[in-house]
**Student:** 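Quick one: this structure, given as structure tokens, is what I'll be asking you about.
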Amino acid sequence: MSTAAKGLEGVVAAETEMSFIDGEKGVLEYVGIAIDPLARHSTFEETVFLLWNKRLPKADELAAFSKDLRSNYGLSKETKRLIALMPTSAQPMHVLRTIVSSLALDDPDPNSTDRSAVQAKGLRILAQAPAIVAAFDRHRRGLEIIEPDSSLSFAANFLWLLNGEKPTDTMERAFDACMILHADHGLNASTFACRVIISTLSDIYSAITGAIGALRGPLHGGANEGVMVALNEVGSVGEVEDFVMGKLKRKERIMGFGHRVYKAYDPRATYLKTLAKQLAEDTGNAELYEKSSRVEQIMEREVAAKGIYPNVDFYSATTYHSIGLKLDLFTPMFALSRIAGWTGHALEQLDANRLIRPKADYVGPHDKPYVSMDKR
Ligand code: ACO
């Protein structure tokens, strides 16, 4: 009988000082600070500094960090050419994975595992990822690529690159909060993939490329798109009851609810719900928010006793839709933010590296003869 823990559930495979999760109480902290005040009062740039340096920055440190990040926003001529070569039918997550991988090609020292070099490369990948997603989206819409604006925050710059318009304050704030909420989350599948790759002393480009591949799966970062698909299936607020009850009777999942770790309200969803409401009202999507809210009420009545509550994906969907993002850009948004967490974990792994190399229980036969081809 194999002793393997299926899905490595319950296995502790690393130490981290970045995020702490208590799933029973619904707690998530970054470096000891609860996620809710961070989402309300911090910025994504400050949060990245916090995750990488394990402390909040002073004003001049944040200014220097932001300047460094923003000076890396622009894509090289070669990267823009490569994006222009992508088939317009390609899926944005595949494009992001491909182009992030290609960023190693013009790095004169791509393989360095020196701490400051890895952090600088992670910063460059983080800074350019929004431009990659936006440039590909414009390419497939037949529009010119827009140059980044280094006077803008990470969040505002992305929306500028995508739409060619400066976002409203509410939109920038909501998008920035989404970036904060998705930045890190313990040893999830993509973060583990990142740590495995960097533990071989491979390069940060490979580690983040692999992590993007892991994030894409519908059991991981792909769920936020599923929420929107479901909300689109419901014609009106009045139809929500039948929709949800029908799914529950058929034992189908309601996307955006439940979590392997949280058995209480996902602490990332609390503030996001407020933002989603405000943004939906501002952008003429009030009915979408009403539908979401009705789904939550019915789920509360029916399944909260089982520990099933909205997760971060549920109100991300309303938020991203209200911002005007196409459905297949929802998962790339998760990736843009999580590059911060992946880079932080790569740095932690390198700080105390040991090759990650678990074992497999062999459950096949032994002592079988080699049978020559003519006798098989
Ligand atoms: N809708 C309806 N019922 C649900 C849901 C849901 N979303 N999630 C769990 N349940 C029910 C199950 O049917 C099961 O009921 P039962 O005991 O009567 O059979 C019970 O809750 C426990 O479910 P498990 O599958 O054992 O819980 P697990 O921890 O394995 O699942 C998961 C977690 C995969 C996230 C699940 O809740 C799910 O599929 N949710 C929908 C997809 C989703 O939103 N994923 C995003 C997660 S957050 C993130 O990745 C950022």
Side-chain angles (χ1 to χ4, degrees), residues 5-11 19 21-24 26-28 30 35 39 93 177-194 211-234 240-273 276 292 294-321 327 329-342:
K6 219 166 174 216
L8 295 186
E9 187 170 354
V11 173
S19 53
I21 305 163
D22 182 332
E24 295 299 323
V27 173
L28 169 63
Y30 290 166
I35 193 68
M93 279 299 276
C178 285
M179 295 294 102
I180 294 171
L181 294 168
H182 286 87
D184 192 46
H185 206 236
L187 201 59
N188 54 84
S190 56
T191 299
F192 186 53
C194 173
I212 295 171
L215 182 74
R216 201 191 64 73
L219 295 186
H220 190 5
N224 55 13
E225 296 183 15
V227 175
M228 199 61 223
V229 171
L231 289 172
N232 282 338
E233 277 176 42
V234 190
V240 171
E241 174 93 29
D242 286 350
F243 177 81
V244 174
M245 293 310 290
K247 279 205 173 274
L248 291 179
K249 272 200 196 93
R250 294 190 299 275
K251 298 252 168 234
E252 288 170 19
R253 301 284 160 116
I254 305 290
M255 290 291 120
F257 282 82
H259 197 280
R260 172 60 60 80
V261 180
Y262 295 117
K263 300 304 165 201
Y265 209 97
D266 182 334
R268 299 169 294 179
T270 319
Y271 180 49
L272 199 53
K273 182 177 170 179
S292 311
R294 186 78 192 112
V295 173
E296 186 185 341
Q297 281 168 8
I298 298 164
M299 288 296 276
E300 163 96 42
R301 188 186 73 208
E302 297 296 323
V303 293
K306 283 205 233 169
I308 300 167
Y309 292 92
N311 58 50
V312 68
D313 284 334
F314 189 62
Y315 285 105
S316 302
T318 312
T319 308
Y320 290 151
H321 179 82
L327 190 60
L329 294 183
F330 286 19
T331 310
M333 297 306 98
F334 196 156
L336 296 193
S337 159
R338 191 53 65 83
I339 291 168
W342 294 329

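Both ligands and their constituent atoms are indexed starting at 1 by order of listing.
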**Student:** Nearest non-hydrogen atom to atom 47 (C) of ligand 1 belongs to which of V227, N188, N311?
**Tutor:** N311
**Student:** Would you mind running through ligand 1 and noting each atom that sits below 4.0 Å from a heavy atom of K263?
**Tutor:** 29 (O)
**Student:** For the 3.5 Å polar cut-off, considering only N or O atoms, please tell me whether E252 and ligand 1 meet it.
**Tutor:** no
**Student:** If you measure from each heavy atom of E9 to ligand 1, is any distance below 4.0 Å?
**Tutor:** no
**Student:** Between R253, K247, H182, flag the one that comes closest to atom 5 (C) of ligand 1 by a heavy atom.
**Tutor:** R253
**Student:** Is the contact between V312 and ligand 1 made by the side chain, the backbone, both, or neither, using heavy atoms and a 4.0 Å cut-off?
**Tutor:** side chain
**Student:** Counting only non-hydrogen atoms of the protein, does one fall under 4.0 Å from atom 27 (O) of ligand 1?
**Tutor:** no
**Student:** Out of all atoms in ligand 1, which are within 4.0 Å of some heavy atom of G256? Include the element for each.
**Tutor:** 43 (C), 44 (O)
**Student:** Any atoms of ligand 1 less than 4.0 Å from a non-hydrogen atom of M255? List them with their elements.
**Tutor:** 41 (C), 42 (C), 44 (O)
**Student:** Distance-only, no hydrogens or angles: does the S190 side chain make a donor-acceptor pair with backbone N or O of I212 under 3.5 Å?
**Tutor:** no
**Student:** Who passes side-chain hydrogen bond (donor to acceptor under 3.5 Å, both in side chains) against N224, sequence neighbours left out?
**Tutor:** T331
**Student:** Any N or O of K306 that comes nearer than 3.5 Å to an N or O of ligand 1?
**Tutor:** yes
**Student:** At what distance is the nearest protein heavy atom to atom 33 (C) of ligand 1, and which residue and atom is it?
**Tutor:** R260 N, 3.6 Å
**Student:** Hey, which atoms in ligand 1 end up nearer than 4.0 Å to a heavy atom of H220?
**Tutor:** 50 (O)
**Student:** Can you tell which of A223, A230, A317 gets a heavy atom nearest to atom 45 (N) of ligand 1?
**Tutor:** A223
**Student:** Taking the ring of F334 and the ring of H185, is the distance between their centroids below 6.0 Å?
**Tutor:** no
**Student:** Looking at ligand 1, is there an atom of it that comes within less than 4.0 Å of some heavy atom belonging to V303?
**Tutor:** no
**Student:** Under 4.0 Å from a heavy atom of I308: give me the atoms of ligand 1 that qualify, with their elements.
**Tutor:** 3 (N), 4 (C), 9 (C), 10 (N), 11 (C), 21 (O)
**Student:** Could you tell me which atoms of ligand 1, counted from 1 in the order shown, lie closer than 4.0 angstrom to a heavy atom of G258?
**Tutor:** 35 (C), 37 (O)
**Student:** Is there a nitrogen or oxygen of R268 sitting under 3.5 Å from a nitrogen or oxygen of ligand 1?
**Tutor:** no
**Student:** Please indicate whether any nitrogen or oxygen in F257 is less than 3.5 Å from any nitrogen or oxygen in ligand 1.
**Tutor:** yes
